[in-house]
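Data first, discussion second: the structure below is written as structure tokens.
Atoms considered below: every heavy atom in the structure, side chains included; atoms not considered: hydrogens, waters and symmetry mates.
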Amino acid sequence: MILGAGVYSVIGKAAGVAHEGLWLSFVLAAVAALLTALSYAELSTLFPKAGAEYVYMKEIFPQRKILSFLCGCLMIFAAICTASTVALSFAAYLQDFFKAPEVLIAVAVLIFFTLVNIWGVRESGWMNIVFTLVELSGLLIFIYAGLKQPDFGKALSAPLSWGIVNGASLIFFAYLGFESMVNLAEEAKEPEKNIPPRHIDQSCADHGGVCDCRSGGLGNDESR
């Protein structure tokens, strides 16, 4: 399953555009993520290399090396944007506890986790486990609070609108993470056997409970 900080980063904005149809945005984003994950799973078995997207473009378009180069640059840019978004979201949430410049906090967070990764794989792995448990605890609290809302389930009859599609484009960010799995294909003993199931498992994330409780708790008023 996917359990990243992305769901904390975009759910408020997505609820602001999708309103009561937020749960449908999660469904649309999940379908897009599943199809993308299946594509990654197939490509990772055909080209089990650590370069992932760069290797795929290089193998598919061997005569146009500029495409693989641009793809690699775009993936680096996407990683930078992802890390920046999560760091800025963390800084925004931290404002509820004490006031400090958001950019300064975000930079400090990025530096801290960069140092942890440099420290070692084992240390960064344990850090991931700890923060994953923290994130899971927050999501469980969130689901529990949503279930206690008197209007829970009312949003399931929300009318269809383009806001749902716009919300899905934001929610897709919460599902990202499965694409990093293909970078381990070169180290896997049997990538054609192990990598595809992992992609399917990860793309079927447990954000469904969060979206139901979040959108279920929305009444006729717009989400803030």
Side-chain angles (χ1 to χ4, degrees), residues 1-11 13-14 17 25-26 28-91 102-103 106-107 109-118 121 124-125 128 162 165-188 190-205 207:
M1 67 177 180
I2 299 172
L3 188 57
V7 66
Y8 291 103
S9 305
V10 298
I11 192 169
K13 292 291 185 181
V17 296
S25 296
F26 268 89
L28 290 178
V31 171
L34 178 60
L35 294 176
T36 306
L38 291 173
S39 299
Y40 268 92
E42 182 66 22
L43 289 170
S44 65
T45 57
L46 293 175
F47 312 110
K49 301 292 183 181
E53 297 88 352
Y54 172 83
V55 174
Y56 304 156
M57 294 297 292
K58 185 178 180 180
E59 294 289 342
I60 296 172
F61 301 102
Q63 304 301 324
R64 300 182 179 180
K65 296 182 178 180
I66 185 65
L67 294 179
S68 57
F69 171 77
L70 291 175
C71 181
C73 291
L74 287 174
M75 294 307 299
I76 294 174
F77 179 73
I80 293 173
C81 292
T82 300
S84 301
T85 300
V86 174
L88 287 171
S89 298
F90 176 83
E102 292 188 11
V103 175
V107 171
V109 169
L110 292 175
I111 292 175
F112 172 75
F113 284 106
T114 299
L115 293 176
V116 171
N117 285 324
I118 295 174
V121 175
S124 61
N128 278 328
W162 278 109
V165 179
N166 295 333
S169 65
L170 293 171
I171 292 298
F172 184 78
F173 179 80
Y175 286 92
L176 292 179
F178 57 83
E179 72 281 357
S180 300
M181 180 68 72
V182 295
N183 291 307
L184 301 176
E186 192 170 356
E187 301 179 22
E190 297 179 285
E192 68 281 355
K193 180 180 179 181
N194 298 326
I195 298 298
R198 296 298 179 271
H199 269 86
I200 297 174
D201 291 344
Q202 286 203 359
S203 62
C204 297
H207 293 323

With [X] via side-chain contact (heavy atoms from CB on, under 4.5 Å) - residues at least two apart:
X	answer
Leu88	Ala106
Ile66	Phe69, Leu70
Ile111	Val107, Leu115

Measure the shortest side-chain to side-chain distance between [X] and [Y] over non-hydrogen atoms and say whether it is less than 4.5 angstrom.
X	Y	result
Ile11	Phe26	yes
Phe172	Thr36	yes
Glu59	Val55	yes

Heavy atoms only: give me the nearest Ala29-Ile171 pair and the separation to one decimal.
->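 Of all heavy-atom pairs spanning Ala29 and Ile171, the closest is CB-CG2, 3.7 Å.
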Closest non-hydrogen atom pair between Ala14 and Gly167, with its separation =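 Looking at all heavy atoms of both residues, the shortest contact is CB-O, 4.0 Å.
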About how many Å separate [atom2] of [Y] and [atom1] of [X], when rounded to the nearest 0.5 Å?
X	Y	atom1	atom2	value
Lys13	Ser89	NZ	OG	9.5 Å
Leu28	Asn166	CG	CG	11.0 Å
Phe112	Asn117	CZ	CG	10.0 Å
Met75	Ile80	CE	CD1	11.5 Å
Cys81	Ile76	SG	CD1	12.0 Å

Could you tell me which residues satisfy ring-ring contact (aromatic ring centres under 6.0 Å, His included) with Phe90, sequence neighbours excluded, listed by chain and number?
->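 Per chain and number, Phe90 pairs via ring-ring contact (aromatic ring centres under 6.0 Å, His included) with no residue.
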All pairs passing side chain to side chain donor-acceptor pair (under 3.5 Å) where residues 46-58 contributes a residue, at least two apart =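 Those involving residues 46-58 are Tyr40-Glu53.
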Summary of side chain to side chain donor-acceptor pair (under 3.5 Å) pairs that have at least one residue in residues 63-87, sequence neighbours excluded |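 Residue pairs with at least one partner in residues 63-87: there are none.
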